[in-house]
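Residue numbers begin at 1 in each chain, while the letters A, B, ... track the order of the sequences.
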Protein chains: 2
Amino acid sequence: MKRLRNENAGLDAADLKILRLLEKDARTSTAELARAVGLSAPSVAERIRKLQENGVIEAYTVRIDPAALGLKLSAWLRIRPVPGQLAVVAGIIRDLPEIAQCDRVTGEDCFIALAHVGSVAELERVIDKIIPYAMTNTAIIQSSPVEPRSPLGGLRER
Amino acid sequence: MKRLRNENAGLDAADLKILRLLEKDARTSTAELARAVGLSAPSVAERIRKLQENGVIEAYTVRIDPAALGLKLSAWLRIRPVPGQLAVVAGIIRDLPEIAQCDRVTGEDCFIALAHVGSVAELERVIDKIIPYAMTNTAIIQSSPVEPRSPLGGLRER
DNA sequence: GCTGAAATAATAAGCCG
DNA sequence: CGGCTTATTATTTCAGC
């Protein structure tokens, strides 16, 4: 396997392959990973331990389909707080359990947030919590041309 | 444990607890999950099997920190294709490995996409692929007031 | 990083309410 | 049908090299 260590943030080709396989199925056994990269199982386990230690692997998690839970309506909210209310709005967003993720961004919109709800009425309830302190723009998700996929794609081969 | 089955999409309180624990750490052993919900390990395994079967659990995956890979720049792109080019733009987005997710949405922006890149130059390269066929608006992520969290939050207690 | 042994965990079979 | 216990198989972890 080609030597690439100390490029791509200190990860070699085996590390990248392990990451890609774990992204596809986090329950892949170390034995199977070992076979895929041509190392022994304990070596793979040690590499995974280090990937966690240096923060590359943040967590092992399950992807849950909101629609299967009855949350059939998802929406992106762009949120522009009125002057002086940014921290208040951030607090409100954090306290809304329907918000599954929220980033602070540059540009005229300060926040972009994802909400999963069961109905338009619930979406209205979410927006009404925010709207006293911010201008909002809501875009309902119709489909997902790119389902959440690996950030590894951003790595340029060097 | 209170009986809630056939509410919340057929999930009872034990199922929800299992899901919440797996979201926090997908490697939690069935024995530990069993202890948490007051069932035996095989019963928990059977519930998990059914949660996968009916699509609630879509996948087991690892969360990877793009910054730890050297992808220190992330941005939300709002993309409005010029008339007639929507399918072309969707194809281009799918083929850009730097795009980690993309939703089609209602409103004047047709797509909202997340990019992870190593530099402003790489971001420019991504935008330049799209811009012949669409108007774009780029918002750099500064921080994340709400790190990706459970869609279970959207469930109303009934 | 490897091998081989010990400890853990997942899975399967058979049984009960 | 959903759950429990026991037995078997697979996987992870730990020593020593």
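- Between the side chain of A:Glu32 and the main chain of A:Thr28, no donor-acceptor pair closer than 3.5 Å is present.
- Rotation axes derived from the C1' atoms of the five outermost pairs at either end of the helix from C:dG1-D:dC17 to C:dG17-D:dC1 lie 30° apart, to the nearest 10°.
- Atom CG of B:Asp12 is separated from atom P of D:dC1 by 17 Å (rounded to the nearest Å).
- With A:Leu77 as reference, A:Ile130 is the one residue of A:Leu114, A:Ile130, A:Thr136, A:Ile93 to meet the side-chain contact (heavy atoms from CB on, under 4.5 Å) rule.
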Using side chain to side chain contact (heavy atoms under 4.5 Å, CB included), reason through A:Val56 and A:Asp15 one step at a time and then give a plain yes or no.
CA-CA 10 Å; A:Val56 174; A:Asp15 289 322; over 6 Å; no
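- Taking the charged nitrogens against the carboxylate oxygens, B:Asp109 and B:Arg104 have no contact shorter than 4.0 Å, which rules out a salt bridge.
- B:Glu122 and B:Arg125 are not joined by a salt bridge, as no carboxylate oxygen comes within less than 4.0 angstrom of a charged side-chain nitrogen.
- Contacts of A:Glu23 classified as side chain to side chain donor-acceptor pair (under 3.5 Å), with partners at least two apart in sequence or in another chain: A:Ser150.
- Protein atom CZ of A:Arg35 is 18 Å distant from nucleotide atom P of C:dG1, rounded to whole Å.
- Map B:Pro42 and A:Leu39 each onto its nearest nucleotide of DNA chain C; the residue landing nearer the 5' end is A:Leu39.
- Side chain of A:Asp25 to backbone of A:Arg27: a donor-acceptor contact under 3.5 angstrom is found.
- The CG-P distance, from B:Leu33 to D:dG3, rounds to 14 Å in whole Å.
- Remark: B:Lys50 is in phosphate contact with D:dG2, judged by side-chain N or O atoms under 4.0 Å from OP1 or OP2.
- Here the P atom of nucleotide C:dA9 and the CD1 atom of B:Ile48 are 14 Å apart, to the nearest Å.
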Below 3.5 Å is the cut-off: list the nitrogen or oxygen pairs between protein and nucleotides 10-12 of chain D, distance only.
| unit_1 | atom_1 | unit_2 | atom_2 | d |
| --- | --- | --- | --- | --- |
| D:dT12 | OP2 | A:Thr30 | N | 2.9 |
| D:dT12 | OP2 | A:Thr30 | OG1 | 2.6 |

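- Ion pairing between A:Glu98 and B:Arg156 holds under the 4.0 Å rule for side-chain N and carboxylate O.
- A straight line from CD of B:Glu46 to C1' of C:dC15 spans 16 Å, rounded to a whole angstrom.
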